[in-house]
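A short write-up of the structure that comes next.
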Amino acid sequence: MITVAGYTLDEGLHYDPDNNLWVERISADAVRIGFDPLGAETTGDVVAVSFPATGTAIEVGGPLATIEAAKFVGPMPSPVSGVVSAVNDDVALAPGTVNTDPLGTWLVTLDGVPAGDFDRLVSGEDAIREWFGEAVDRFREQGVIAE
Amino acid sequence: MTALRVIDTGEVGALRSQALWHGLAQAMTPGADPVLSFCRPADPYVGIGYHRRLDEVDRAACARLGLPVLRRQIGGGPVYLDSDQLFFQLSLPASSAPAGVGRIYDELLGPAITALRELGVEAEMAGANDIVAGGRKISGTGAGQIGDGVVVVGNVMFAFPFERMAEVLQLPDESMRADCLDLMRSHLGTLPHVDESALKESLARAYGAALGRTVQPDRLRPDEETAVGRWETRLNDPDWLTGPTLPPARGRQVKIRAGTFIYDGAAEGVSVRVRVEDGTIRAARVTDPSMNGSAQRLAEALLGASARHAELAERLDGFEHDGERVLSALTPGLVVR
């Protein structure tokens with residue numbers, strides 16, 4: 001684990017720089033996906049999560065889940081393409097775990113992820129530190145998160 | 001692009017009053033002008049949020065009263081809607097929406113407060129997204145991302161039939177309905193003296209100023225009409241009304257406004273009902289035939305407590321296993337939706 005700008009991250013994960021999601025490669029073409037700590041914070045206190053059916057094909061940017069926080073309902077955009085192989089029903093029962101334990105809370109697993117989809121993700125400690133530090137600075141400048 | 005398009009559809013049917021803003025958000029593209037839209041439902045109906053169970057609504061009562069039920073793609077519980085309410089919505093491209101849910105509400109409901117204040121209503125924000133005046137909620141709001149658009153919606157109630165609202169809720173018993181009605185009367189407010197035309201003009205001015213854009217009255221474009229039509233079809237679809245797959249219900253909560261709600265739950269044979277106002281438990285009832293008198297003491301221990309897990313755990317600590325059971329029954333209700 002590493003700490004960047006006060007947030008704990010797992011340097012062994014890949015990260016979606018646009019949507020603050022983590023992506024864990026669990027086999028050559030399968031991944032598990034959740035919110036990174038900044039994504040969880042900016043999403044707000046999550047009160048409901050719903051999922052597509054297993055077997056659903058998802059494109060990059062397509063909805064992996066539908067998230068509700070403070071009466072805002074929006075999609076969790078997929079960082080990679082693939083087919084939904086499992087959803088975390090425990091999160092549907094206790095959505096607040098997205099906020100309290102973002103790195104420990106996976107939402108969806110996808111199979112059949114093309115290798116090329118990982119190219120746009122951030123990985124490796126140095127790259128994660130640089131990207132995440134800039135993301136935190138940007139959100140703080142915008143007043144989205146506390147100093 | 002420097003315009004704020006203002007589209008006022010006037011009085012429309014129930015379906016269109018919801019499909020309008022779903023379609024406007026859906027039709028948004030990066031760089032498009034934001035749209036402030038207004039409508040007023042000609043006929044009463046019941047709306048329900050995306051992640052809420054249909055069984056929170058008394059469908060038999062709705063059928064008896066001739067009220068359609070429509071599910072929206074934003075959050076919030078069941079709500080009675082009718083022609084005594086003005087709906088306003090701001091739709092803008094997701095790419096130009098403020099980052100973070102908190103900022104979305106701060107920046108996109110702020111102009112609504114400015115507009116109300118211009119008309120002499122001492123409006124202010126409460127919680128994440130309630131607009132209150134004189135301690136009463138005067139506007140229900142919600143938001144969502146639909147396609148490439150973000151939409152923030154609100155209503156202003158010129159009058160509100162509290163009894164009808166209570167009537168369409170599916171509740172465990174009539175005493176909870178009476179409590180809901182009482183809380184609504186105490187915590188919701190209407191603006192009977194606000195002129196609708198003046199309010200719309202004020203809202204358009206405030207949103208135009210906040211977004212740095214020139215107000216431009218407009219009509220739906222053909223692509224927007226198409227998107228609205230598609231949403232009318234979707235909102236009318238029984239599968240859509242059924243809603244997404246949700247986990248089993250754990251208790252019944254009715255939120256009246258930020259920090260004010262009623263919760264009825266049960267666990268391990270104990271039933272608990274609390275009435276929470278401004279974050280504090282003002283009434284509590286604990287029911288369990290096996291408790292032999294301690295139920296009343298448990299209920300009294302809850303009174304005056306903040307509706308937060310840590311404080312409730314402390315208050316119930318001395319009751320050992322009975323306290324744990326009460327806490328277990330209460331816990332799902334502490335997430336206020």
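Naming convention: chains lettered A, B, ... in sequence-line order (proteins, then strands); numbering from 1 in each chain. This one's a predicted model, so the numbers in the text were calculated from it and none came from an experiment.
- Contacts of B:Ala99 with chain A are made by both backbone and side-chain atoms, with heavy-atom separations under 4.5 Å.
- Counting non-hydrogen atoms of other residues, nucleotides and ligands closer than 6.0 Å to CZ of A:Arg32 gives a total above 12.
- Within the 4.5 angstrom heavy-atom criterion, no atom of A:Phe51 approaches chain B.
- Options B:Ala128, B:Gly76, B:Gly142 differ in how many heavy-atom pairs under 4.5 Å they form with chain A, and the most are formed by B:Gly76.
- Within 6.0 Å of the CG atom in A:Asp126, the count of heavy atoms belonging to other residues, nucleotides or ligands does not exceed 12.
- At most 12 non-hydrogen atoms from other residues, nucleotides or ligands lie less than 6.0 angstrom from CD of A:Glu59.
- With a 4.5 Å cut-off on non-hydrogen atoms, A:Ser50 touches chain B through its backbone and its side chain both.
- By number of non-hydrogen pairs under 4.5 angstrom with chain B, the leading residue of A:Ala92, A:Gly39, A:Gly44 is A:Ala92.
- Looking only at heavy-atom pairs under 4.5 Å with chain A, the residue among B:Thr245, B:Thr141, B:Ile146, B:Val152 that has the most is B:Thr141.
- Across all their heavy atoms, A:Pro75 and B:Gln145 have their closest contact at CD-CB, 3.7 Å.
- Proximity to chain B (any heavy atom under 4.5 Å) is shown, for A:Leu38, by neither the backbone nor the side chain.
- No donor-acceptor pair under 3.5 Å is formed between the side chain of B:Tyr50 and the backbone N or O of A:Thr66.
- The CD atom of B:Glu107 sits 9.0 Å away from the CD atom of A:Gln142 when rounded to the nearest 0.5 Å.
- Nearest approach of A:Ala69 to B:Val101, heavy atoms of both residues: O-CG1, 3.9 Å.
- Once rounded to the nearest 0.5 Å, the distance linking CD of B:Gln73 with CD of A:Glu68 reads 11.0 Å.
- Heavy atoms of other residues, nucleotides or ligands lying less than 6.0 angstrom from CD of B:Glu314 number 12 at most.
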- Message: Does B:Asn129 form a side chain to side chain contact (heavy atoms under 4.5 Å, CB included) with A:Phe72? I'd like the steps, not just the answer.
- Response: CA-CA 10 Å; B:Asn129 60 324; A:Phe72 183 97; over 6 Å; no
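- Residue B:Arg308 qualifies as open at atom CZ: its count of foreign heavy atoms under 6.0 Å is 12 or below.
- The only option from A:Val46, A:Val47, A:Asp45 that meets the side-chain contact (heavy atoms from CB on, under 4.5 Å) definition with B:Val335 turns out to be A:Val47.
- For B:Arg250, the part lying under 4.5 angstrom from a heavy atom of chain A is the side chain only.
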